[in-house]
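Encoded as structure tokens, the structure appears first; notes follow it.
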Amino acid sequence: MTGIDDLPIRDELRGKSPYGAPQLDVPVRLNTNENPYPLPEPLVRRIGERVTEAARHLNRYPDRDAVELRTELARYLSRTGGHEVTKDQIWAANGSNEILQQLLQTFGGPGRTALGFEPSYSMHGLISRGTGTGWLSGPRNDDFTIDVEAARSAIAEHRPDVVFICSPNNPTGTAVEAGTVLALYEAAQAARAGTGGALVVVDEAYGEFSHRPSLLPLIEGRPNLVVSRTMSKAFGAAGLRLGYLAADPAVVDAVQLVRLPYHLSSVTQATALAALEHTDTLLKYVEQLKAERDRLVTELRAIGCEVTASDANFVQFGRFADAHAAWQAILDQGVLVRDNGVPGWLRVTAGTPAENDAFLDAVRTLCKERSPKENER
Ligand SMILES: Cc1ncc(COP(=O)(O)O)c(C=O)c1O
């Protein structure tokens, strides 16, 4: 039988695995950082109206520049991100993964490199490879914060073209201080002085769940700094596929060089606009999820687990001698969490109170069955 590696694929893709969080049919799914709440009915109806109107014009290509949507995204960020932005500073695509891909197609590519601080969002490395960009893994401290001095040295040594800073970081939940972003931005520009500098991408997919303010204001006066956002998490619209970036207008102009014409369908634009009309209702769910996230932290600690401080809608917990066996034991009780391959640790997404109770019960059972020592590294 022909396998992938028998095909004339690019050398750097040989032997690699695709992104693949398991999509298993179990009662409680807390493994992909989705929002557990379905969209409210009034919003579902509004999407129906907006999409019906868009359907009347589906014989035409969509607005290639998504002007109305970018205007509304700019309004939302200006209201919630602590910094005024205009539509010229916003670009939108099919999920923030596509935003990251367009950035790497524009600023990375063959002969160039991207650096991230792992463990972090695995797609940073995968999209880098997919765009022919060399991937470099930088260090973190034991508590999963970024080791600024080690990061500066890695940047000075490798002179990456793109630096990823994920805040709050997936899968650890760790938020990054503005001072750290500024230090790494300066280091990245200094390392590539004379070449136009390096692009620093702040991935704020979970920004709305953070205890800290957004890092958005840092784009002011820093043309090589991009903040990437998504409607998949806080807006509860993972199925919509809508991500966006905020940056200097020159970055928005630059990604036009690689975006496919009419990449964002009229249906997507209409749906996202409807969701943005309901921002206040959707952000109330975010407050509930933050409270549930904090409850998970408290209760996991009471059970005897170690927990990484979380600014996201998920919690990293451990430490297990065999994290994969613990993952399986939790799954056997009908609860799907995520094994991100971080030795000793698993990640659980904050669900509804009932889902979180089911998860906590499963962990209690797991910890009762094993001696505490067995659960430690
Ligand atoms: C850190 C981070 N960035 C980006 C994404 C991609 O989100 P989307 O493509 O749904 O916008 C995710 C999804 O889990 C994520 O965890």
Side-chain angles (χ1 to χ4, degrees), residues 18-23 29-36 39 66 69 73 76-77 90-105 114 116-128 130-131 140 144 146 162-176 181 200-210 214-216 226-246 255 259 263-265 268-269 271-272 275-276 282 289 293 308 310-316 336-342 347-351:
Y19 174 87
Q23 288 193 310
R29 284 190 291 171
L30 300 175
N31 71 326
T32 48
N33 297 344
E34 291 154 326
N35 190 313
L39 297 180
L69 177 57
L73 288 168
Y76 166 67
L77 270 193
I90 304 288
W91 182 240
N94 296 282
S96 53
N97 281 331
E98 189 179 46
I99 287 288
L100 301 178
Q101 185 179 48
Q102 291 181 349
L103 288 171
L104 283 161
Q105 285 173 328
F117 303 96
E118 294 186 309
S120 191
Y121 182 46
S122 61
M123 287 307 298
H124 294 159
L126 284 176
I127 302 174
S128 295
T131 56
R140 279 184 187 262
F144 299 107
I146 293 177
V162 179
V163 175
F164 283 102
I165 301 173
C166 194
S167 181
N169 184 48
N170 180 9
T172 61
T174 323
V176 182
V181 177
V200 174
V201 181
V202 176
D203 184 340
E204 272 198 346
Y206 303 96
E208 286 92 340
F209 298 95
S210 184
S214 168
L215 296 162
L216 177 72
V226 176
V227 173
S228 154
R229 290 286 197 111
T230 182
M231 294 181 78
S232 296
K233 315 293 176 182
F235 279 80
L240 163 63
R241 311 306 300 128
L242 200 289
Y244 54 103
L245 65 74
V255 294
R259 60 111 176 87
H263 68 299
L264 208 54
S265 85
T268 300
Q269 294 187 39
T271 309
L276 283 160
L282 295 171
L289 286 170
R293 179 260 331 268
T308 315
S310 174
D311 275 78
N313 66 337
F314 54 83
V315 175
Q316 180 177 255
L336 180 59
V337 295
R338 188 76 189 272
D339 177 5
N340 290 92
V342 185
R347 187 194 73 194
V348 61
T349 307

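Every number for a ligand or one of its atoms is a count from 1 in the order of the listing. One-based numbering along the sequence shown.
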Check: Phe117 ring centroid to Phe164 ring centroid under 6.0 Å: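 Not close enough - the centres of the two rings lie 6.0 Å or further apart.
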Chi angles and distances behind the side-chain hydrogen bond (donor to acceptor under 3.5 Å, both in side chains) call for Ser214, Glu204: CA-CA 8 Å; Ser214 168; Glu204 272 198 346; 2.9 Å; yes
Neighbouring protein residues of ligand 1 - any heavy atom closer than 4.0 Å: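 The answer is Gly95, Ser96, Asn97, Tyr121, Cys166, Asn170, Asp203, Ala205, Tyr206, Thr230, Ser232, Lys233, Arg241, counting any residue whose heavy atom sits under 4.0 Å from ligand 1.
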Please identify each residue that fulfils side chain to side chain contact (heavy atoms under 4.5 Å, CB included) with [X], with sequence neighbours left out.
{"X": "Ser120", "result": "His124, Arg140, Cys166, Asn169"}
{"X": "Asn97", "result": "Leu100, Tyr121, Met123, Ile127, Arg241"}
{"X": "Glu98", "result": "Ala93, Asn94, Gln101, Gln102, His263"}

Residue among Asn33, Asn170, Asn35 satisfying side chain to side chain contact (heavy atoms under 4.5 Å, CB included) with Lys233: Asn33
